[in-house]
Amino acid sequence: MWNPPDPDAFYAEVYEVVRQIPEGRVSTYGWVASLIPPPEGSDPEQYRRLGARWVGTALRSLGDPSVPWHRVINGQGKISLPAGSSSAQTQRRRLQAEGVAFGADDRVDLSQFGWPATDESD
DNA sequence: CGTTTGACTACGC
DNA sequence: CGCGTAGCCAAAC
């Protein structure tokens, strides 16, 4: 089982990865967790699932404006924050300002705006 | 210091 | 494809 030796370090890596998200692109909690170097002996699948929560927890108490947290959404390609919340509206507006298109369900096409891009050559 | 919740995700129905 | 449940662990109360 994955036991984070340094939670602070994990959060720092989360912020680092989030900062690496280019403008006009979005990523998911699971992806961010996957991008972070997982400890040896831990299953990537398990790691991704668990990491997603730590990523969210890390961003929840995040107070660093230099981290583009608004580019981080859930695996459904939607803003995890409650629709109507000031944070959610700010996040969506910021993404739209960067060129990220939202669907009818307020969903973002990860195949197009998702980062890191897999299908797109980038 | 014990209890509850949570910026998630996968699986079952 | 939507809702409910299970799992994980740290932060908030």
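We name chains A, B, ... by the order of the sequence lines, and we start the count at 1 in each one. Heavy-atom basis, side chains included; hydrogens, waters and symmetry copies ignored.
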A:Y15 OH - B:dA7 P separation (whole Å): 15 Å
May I have the distance from A:L50 (atom CG) to C:dA10 (atom P), rounded to whole angstrom? 10 Å
Cation-aromatic face contact A:R92/A:F102, 6.0 Å, 45 degrees: yes
Whole angstroms only, please: what is the CH2-C1' distance between A:W54 and B:dT9? 12 Å
Residues which pass side-chain hydrogen bond (donor to acceptor under 3.5 Å, both in side chains) with A:E98, listed by chain and number, not counting sequence neighbours: A:H70, A:R71
Return yes if some donor-acceptor pair links the side-chain N/O of A:Q112 with the main-chain N/O of A:V100 below 3.5 Å, else return no. no
Within residues 27-34 of chain A, which residues have any heavy atom lying less than 4.0 Å from an atom of DNA chain B? A:Y29, A:G30
Sort me out a list of protein N/O and nucleotides 11-13 of chain C N/O pairs below 3.5 Å, or just none if empty.
unit_1, atom_1, unit_2, atom_2, d
C:dA11, OP1, A:Y11, OH, 3.3
C:dA11, O3', A:R60, NH2, 3.1

Between A:E13 and A:I36, is there a donor-acceptor pair closer than 3.5 Å when you use the side chain of the first and the backbone of the second? no
I'd like to know if the side chain of A:D105 reaches the main chain of A:R107, judged simply by a donor and an acceptor atom lying under 3.5 Å from each other, with no hydrogens or angles considered. no
Not counting sequence neighbours, which residues clear side-chain contact (heavy atoms from CB on, under 4.5 Å) with A:L35? List them please. A:V17, A:W115, A:P116
How long is the line joining OH of A:Y47 and C1' of C:dG7, in whole Å? 17 Å
I want to verify a distance call: between B:dA7, B:dT9, C:dA10, whose nearest atom is closest to the A:N74 side chain? B:dT9
So does A:Q20 have more than 12 non-hydrogen atoms from other groups sitting under 6.0 Å from CD? yes
Verify the neighbour count for atom CZ of A:R19: are there more than 12 heavy atoms of other residues, nucleotides or ligands below 6.0 Å? yes
Would you mind reading off the distance between A:Q76 atom CD and B:dT9 atom P, rounded to a whole angstrom? 7 Å
Measure from the side-chain N and O atoms of A:S85 to the backbone N and O of A:A88, and report whether any donor-acceptor pair falls under 3.5 Å. no
Can you tell me how far P of C:dC1 sits from NZ of A:K78, to the nearest Å? 11 Å
I'd like a list of close polar pairs between nucleotides 10-13 of chain B and the protein, N/O only, cut-off under 3.5 Å.
unit_1, atom_1, unit_2, atom_2, d
B:dA10, O4', A:R49, NH1, 3.2

Going by salt bridge (charged side-chain N to carboxylate O under 4.0 Å, His left out), name the residues that satisfy it together with A:E23, two or more places apart in sequence or in a different chain. none
